Amino acid sequence: MTKNAEVANILKEIGLLLQVEGKDKFKFLAYLRGVRSITSLGEDITSVADRGELTKIQGIGKGLADAITSYLETGEVELLTELRTRVPVKVMELEAIPGVGPKTIQLVYEKLGITDLEGLERAALEGKLSGLPGLGQKTEEQILSGIGIVKSGLDRTILAEALSIAAKIEGELRTIPGIHQLVIAGSARRRRETIGDIDILVDASDSKLVMDTFVEYRDVSTITAHGDTKSSVRLIGGLQIDLRILPADSFGAGLQYFTGSVDHNVRLRSIAKKKGLTLNEYGLFKGEEKVAGEDEEGIYKALGMTMIEPELREDKGEIEAAQTGELPSLITVDDIRGDLHSHTDQSDGRNTIEEMLDAAETKGYEYYCVSDHTQSLTIANGLDEGRLLKRIEEIDELNASGRWKMKILKGAEVDILGQGALDIEDDVLSQLDVVTVSVHSRMKEEKKIMTERVCHAIENKHVHVLGHPTGRLILKRPEFEIDLEAVFETAAKNNVVMELNAHPKRLDLNAGNLRAAKRVGLKIAINTDAHVISELDNMQYGIFEARRGWVTKEDVINTFPLKKMLGLLKK
DNA sequence: GCCGTTTTCGGCCCGACTGTTTTCAGTCG
């Protein structure tokens, strides 16, 4: 777990415990707001704390800042320790159950002394919950099914998977006659890395037919809501899908509203309020009169700003930038002229070099770099100097063959060894067009050692790109302990490019780190790291993450023509 | 607890849906 996630959890637990204890609900909401800010901070909270700028974060005031500081310095927060003694309830595990909120936790604790998930499950199975004030048979069943979901551990899905599920449902719904508009909204539209649920918005002639078709979709395991304008289902596998019907004349307002984020929308509403307007999912209103709502652009315009792309809607400065017309022009997948990181069956890839090149050529690329693993990665059958030299000759011949219009670049994904040395000799590295270096071993090294190791590796004069700089696997493995600020500084000095690895489970660097890299003037390479033909399509996920990181075409080396791109790599 | 180009006090997004009610509370997004 990253420091930010740890801090977010601590604050959330404090908020929940305060609420269960019966304190003012706005105090609880304030803690939750702080939690959201930190979760989507995009920068190490420790760095912010070191600069003394915690209260500059939206929603963090003196109280929360003190709690954070105390946690970072001592690993403890006095208030939390006290609360845990007074209210010995495992609020975090109870709150994670769908359908269970702070009020229910408070109720079952006070009436039945329930303090954890096991206790709640037992009570539900024994029928002790129904009969409590406000709780009946149905709620009891709902809680039991919610506990099942938590136990299955399937509460979040990576974006790529969510989009593919969404596309299938969309295909199904689009066969219904009279669908005028259909958009996948929510965090999927904002291209968040992981998705908790999918929101589908529909404008249709026969909304009842849409709803009925939706809840009968073949992969539905339970229907949790089935109304006139909103239905919710949970699929086999656990993903929740919400479908909302919107009228045509307020489709844009609904789309804006249900795309979020919450914090972005709260800011927009308050801006509307100051202008004497009200914003809700049906439109932007001046009294009774609707001034905007048919499309999103109209709403942003009426609020005095330019249209904000969904990927930026996180209340991370995009509103201010839109008010002054200073939003960046975000990169698109069409801007990409080549892929600088890919594998073949020479190491751990599945396709031959020819097959990969054929597939890459259909993307319309101007250049394509073959960069297999090197010898230390024995499990991947990495290349030693001899095999690499042969590969260099082979690529010269392939280029000369004229079979491919694009230029084939010679590369390698060179292993960074324990002390930061590389596992290929300099005189071989010097013959490659693109040298990417990556960490594949000893990933649990402590922060100082890992930082020095990576910095040392990128100081090698033949190194062009740092591959997947933090090593994370989304929902699987956290980032390395590494001081990225120091790495960025070293990279800037040595003209080393940061990779944005586009594999949907990596997305490394992430959006927040990309923004930080941009701030120190670093260039980015968005690469698929494809190990098989189909993974060449992963470029789109890299682009999504880049857009979330405010990245423009000019920030990315593989949007430039070959000559200029190679020039940028020169030392 | 946080926040302020009406405010340092008095608000805090708000509507849909469900379940348990008979007018509303809790959850969710």
Side-chain angles (χ1 to χ4, degrees), chain A residues 11-12 14-15 18-19 23-37 54-68 79 94-108 129-143 146 185-190 192 195-201 211 215 222-234 240-246 250 253-254 256-285 304 315 323:
Chain A
L11 295 182
K12 188 167 176 182
I14 296 175
L18 286 169
Q19 179 73 359
K23 291 273 171 13
D24 174 25
K25 81 165 176 177
F26 291 109
K27 201 180 262 198
F28 164 64
L29 290 173
Y31 274 93
L32 277 203
R33 179 151 166 64
V35 168
R36 283 199 308 271
S37 288
L54 286 173
T55 53
K56 284 194 181 170
I57 301 170
Q58 275 288 326
I60 307 286
K62 186 162 183 316
L64 269 70
D66 284 350
I68 295 168
L79 172 62
L94 289 173
E95 193 267 350
I97 303 166
V100 174
K103 290 289 180 187
T104 308
I105 299 175
Q106 187 180 5
L107 182 73
V108 300
L129 298 184
S130 52
L132 290 179
L135 291 189
Q137 192 83 42
K138 291 242 180 178
T139 311
E140 196 164 65
E141 284 165 20
Q142 225 176 56
I143 288 173
S187 53
R189 183 162 180 250
R190 302 201 315 280
R192 287 292 296 243
I195 303 297
D197 52 59
I198 294 173
D199 296 284
I200 305 176
L201 308 182
M211 285 306 194
V215 298
T222 48
I223 301 167
T224 48
H226 187 180
D228 293 338
T229 66
K230 181 193 164 180
S231 291
S232 288
V233 300
R234 202 169 278 280
Q240 182 177 316
I241 321 281
D242 297 338
L243 180 80
R244 291 183 161 86
I245 302 289
L246 299 173
S250 57
Q256 196 290 314
Y257 183 85
F258 290 114
T259 295
S261 64
V262 177
D263 292 326
H264 177 88
N265 286 354
V266 167
R267 287 288 310 282
L268 284 192
R269 275 161 189 269
S270 98
I271 288 168
K273 214 171 180 178
K274 277 173 201 151
K275 291 181 184 288
L277 305 167
T278 331
L279 177 63
N280 60 31
E281 61 256 58
Y282 297 110
L284 183 64
F285 297 90
D315 192 21
Q323 284 170 327

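The sequence lines fix the lettering, A, B, ..., with proteins before strands; numbering per chain opens at 1. Computed from a predicted structure; not experimentally measured. Only heavy atoms go into these numbers, but all of them, side chains included; no hydrogens, no water, no symmetry mates.
Along DNA chain B, the nucleotide closest to A:Leu135 and the one closest to A:Gln240 are compared, and the more 5′ of them pairs with A:Leu135. For the pair A:Phe26 and A:Gly101, both in contact range of DNA chain B, the more 5′-proximal nearest nucleotide belongs to A:Phe26.
Within 3.5 Å, no donor on the side chain of A:Tyr282 pairs with an acceptor on the base of B:dG15, nor the reverse.
Counting only heavy atoms from C-beta on, A:Arg244 has its side chain closest to B:dG29 among B:dA16, B:dG29, B:dC2. Counting only heavy atoms from C-beta on, A:Gln142 has its side chain closest to B:dT18 among B:dG29, B:dC28, B:dT18.
Between A:Asp228 atom CG and B:dA16 atom C1' there is a gap of 10 Å when expressed in whole angstrom units. Distance A:Ile195 CD1 to B:dC28 P: 18 Å, rounded to the nearest Å. Taking atom CD1 on A:Ile57 and atom P on B:dC2, their separation rounds to 12 Å, with Å as the unit.
Distance noted for atom P between B:dT23 and B:dC13: 28 Å (whole Å). Look at the P atom in both B:dC9 and B:dC14: the space between them is 24 Å, to the nearest Å. Between B:dA25 and B:dT20, the distance separating the two C1' atoms is 9 Å to the nearest Å. Nucleotides B:dT7 and B:dC12 have their C1' atoms positioned 13 Å apart, rounded to a whole Å.
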Using the side-chain contact (heavy atoms from CB on, under 4.5 Å) rule, take A:Gln323 and A:Ile271 through it: C-alpha gap first, then chi angles, then the decisive distance, then the call. CA-CA 11 Å; A:Gln323 284 170 327; A:Ile271 288 168; 3.6 Å; yes
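Summarising the base pairing, B:dT8 is matched to no nucleotide, lacking a Watson-Crick or G-U wobble pair whose two defining distances lie under 3.5 Å.
Judged purely by distance below 3.5 Å, without hydrogens or angles, the side chains of A:Gln58 and A:Arg33 pair a donor atom with an acceptor atom.
Among the protein residues, A:Asn265 comes within range of no part of the nucleic acid, since none of its heavy atoms lies under 4.0 Å from any strand.
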